[in-house]
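To keep things clear, I will list the structure first and then write my remarks on it.
Note on naming: letters A, B, ... go to the chains in the order of the sequence lines (proteins, then strands), and numbering restarts at 1 for each one.
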2 protein chains.
Amino acid sequence: MQTRPKNRKQQILDLALELLQTHGFESFSYQDLSSKLGITKASIHHHFPKKADLGVALCEVIQDWHEREFTRARNLSGSAMDKLDAYVKGTLRYACGDKKICPLSSLQADIASLPEAMRPALKRMDDHELNFIAELLEQGRDNGELQFVGAARSQAILFVLTCKGALQYSRVHGSEVFDAAITQMKTVLLGESA
Amino acid sequence: MQTRPKNRKQQILDLALELLQTHGFESFSYQDLSSKLGITKASIHHHFPKKADLGVALCEVIQDWHEREFTRARNLSGSAMDKLDAYVKGTLRYACGDKKICPLSSLQADIASLPEAMRPALKRMDDHELNFIAELLEQGRDNGELQFVGAARSQAILFVLTCKGALQYSRVHGSEVFDAAITQMKTVLLGESA
DNA sequence: GTCTATAAATGGATAGAC
DNA sequence: GTCTATCCATTTATAGAC
């Protein structure tokens with residue numbers, strides 16, 4: 001309802017994140033941002049002088065979001081599967097929607113053209129996420145709730161790749177692919193009894 | 001050794017495919033092609049007037065490659081797992097290498113900015129590939145070699161997403177991720193006895 | 001913080017000579 | 001089939017007024 005938004009910088013970041021997830025970092029321009037926000041390109045440059053600056057700021061946004069979401073999922077009172085579900089449905093699916101993919105997947109796809117400054121941040125976030133999922137899986141196996149062989153980290157890789165790949169496929173083929181992938185994944189983890 | 005290559009058109013397509021896998025369709029230019037091939041942009045336009053034409057031709061190249069590879073894998077005398085392995089190591093891994101991802105993954109990532117004419121081709125190829133893997137999985141389950149629950153198509157989704165996601169991750173994090181993902185995947189399919 | 005104006009580079013594309 | 005030359009639009013980025 002406010003004509004003058006309290007924080008223009010945040011507004012730019014919000015839109016940039018959306019465009020990152022729908023089009024990719026190299027495929028949206030300051031033009032896109034300025035026209036959709038109703039301000040000029042020069043104004044965007046005032047907040048983020050170079051596109052690499054915007055990219056680094058975007059990485060911080062994603063990192064903060066991950067930390068909040070991981071803490072939220074960890075603190076749930078339910079089972080390990082409930083927490084994994086909170087990650088998949090709450091974090092990934094909610095933040096992505098039908099036309100968006102995971103921001104980290106988007107950055108990975110553009111890796112060859114990405115500003116140098118963004119790469120360490122990307123690696124760090126990927127690792128952070130993988131560790132979080134591995135922790136939940138380990139927990140679930142320890143209390144007899146989940147079943148899988150080998151290192152929790154290996155199973156975490158399988159889990160994360162499936163979720164993110166499912167989002168990418170769904171954007172092209174519809175959400176049934178996402179549902180099929182997640183259901184199959186859960187069935188396997190719960191011991192193949194279904 | 002020939003100074004005048006027999007088929008310039010094919011040479012352009014070969015390079016374009018590589019750039020598609022390393023940088024993405026929107027991230028390589030006629031400039032890139034021309035400088036690396038030692039001819040001018042105008043010459044590339046002679047063979048492919050618009051970039052969408054090049055894109056459609058690229059889809060045909062990928063489709064042909066899939067058909068050859070799928071036939072090759074089907075005709076192997078080994079087990080279902082051997083055929084899946086031929087797909088993973090022979091088709092995907094060989095064609096992608098350390099710095100390349102699956103061309104279909106690359107196109108999926110760029111879907112929002114892709115020329116209209118390429119989209120139906122992408123959907124068709126994704127389906128074709130999924131059907132092929134589902135067929136191998138079904139075969140393996142029927143002869144008692146592989147174990148999984150539910151529809152073969154659902155398990156095929158899991159399988160394909162894992163392989164392609166692993167390639168994408170490996171480009172950023174190194175090939176250990178690829179190996180870990182594939183090993184874990186196979187262990188699950190072989191009945192979790194390892 | 002936002003604007004106008006503009007620079008400098010790049011990308012896709014075409015015309016016409018050889 | 002390849003070249004030179006050129007066009008037009010877009011993109012990143014900067015200078016300076018308000």
Subject >> Any residue of residues 32-48 of chain B with a heavy atom less than 4.0 Å from an atom of DNA chain C >> reply: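 Of all residues in residues 32-48 of chain B, the ones placing a heavy atom under 4.0 Å from DNA chain C are B:Lys41, B:Ala42, B:His45.
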For residues 95-103 of chain A, which side-chain donor-acceptor pairs fall under 3.5 Å, sequence neighbours excluded?
| residue | atom | partner | partner atom | Å |
| --- | --- | --- | --- | --- |
| A:Asp98 | OD1 | A:Arg93 | NH2 | 3.4 |

**OP:** Kindly write out the residues that satisfy salt bridge (charged side-chain N to carboxylate O under 4.0 Å, His left out) with B:Asp32, not counting sequence neighbours, or none if the list is empty.
**Re:**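 B:Asp32 satisfies salt bridge (charged side-chain N to carboxylate O under 4.0 Å, His left out) with no residue once adjacent residues are dropped.
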Original post:
Among all residues two or more places apart in sequence or in another chain, which pass the side-chain contact (heavy atoms from CB on, under 4.5 Å) test with A:Gln108?
Top reply: A:Leu122, A:Asp126, B:Gln168, B:Tyr169, B:Val172, B:His173
Original post:
Rounded to whole angstrom units, what separation is found between the CG atom of A:Leu54 and the C1' atom of D:dT11?
Top reply: 14 Å
Subject >> Partner set under ring-ring contact (aromatic ring centres under 6.0 Å, His included) for A:His46, not counting sequence neighbours >> reply: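 ring-ring contact (aromatic ring centres under 6.0 Å, His included) list for A:His46, sorted by chain: empty.
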Original post:
Which residue pairs pass the salt bridge (charged side-chain N to carboxylate O under 4.0 Å, His left out) test when at least one of the two sits in residues 144-156 of chain B, sequence neighbours left out?
Top reply: B:Asp127-B:Arg153
**OP:** Name all residues meeting the side chain to side chain donor-acceptor pair (under 3.5 Å) criterion together with B:His66; count only those two or more places apart in sequence or in a different chain, and write none if there are none.
**Re:** none
Original post:
With sequence neighbours left out, what residues match B:Asp142 under side chain to side chain donor-acceptor pair (under 3.5 Å)?
Top reply: none
Subject >> Phosphate-side-chain proximity, B:Arg8 and D:dT2, N/O vs OP1/OP2 below 4.0 Å >> reply: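 Checking B:Arg8 against D:dT2: at least one side-chain N or O falls below 4.0 Å of OP1 or OP2.
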Original post:
Within less than 4.0 Å of OP1 or OP2 of D:dT12, is there a side-chain N or O belonging to A:Lys51?
Top reply: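 For D:dT12, OP1/OP2 do have a side-chain N/O of A:Lys51 under 4.0 Å.
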Original post:
So, B:Asn143 and B:Gln139: side-chain donor and acceptor under 3.5 Å apart, yes or no?
Top reply: no
**OP:** Please list, by residue number, the residues of residues 23-30 of chain A whose heavy atoms come closer than 4.0 Å to an atom of DNA chain D; answer none if no residue qualifies.
**Re:** A:Phe28, A:Ser29, A:Tyr30
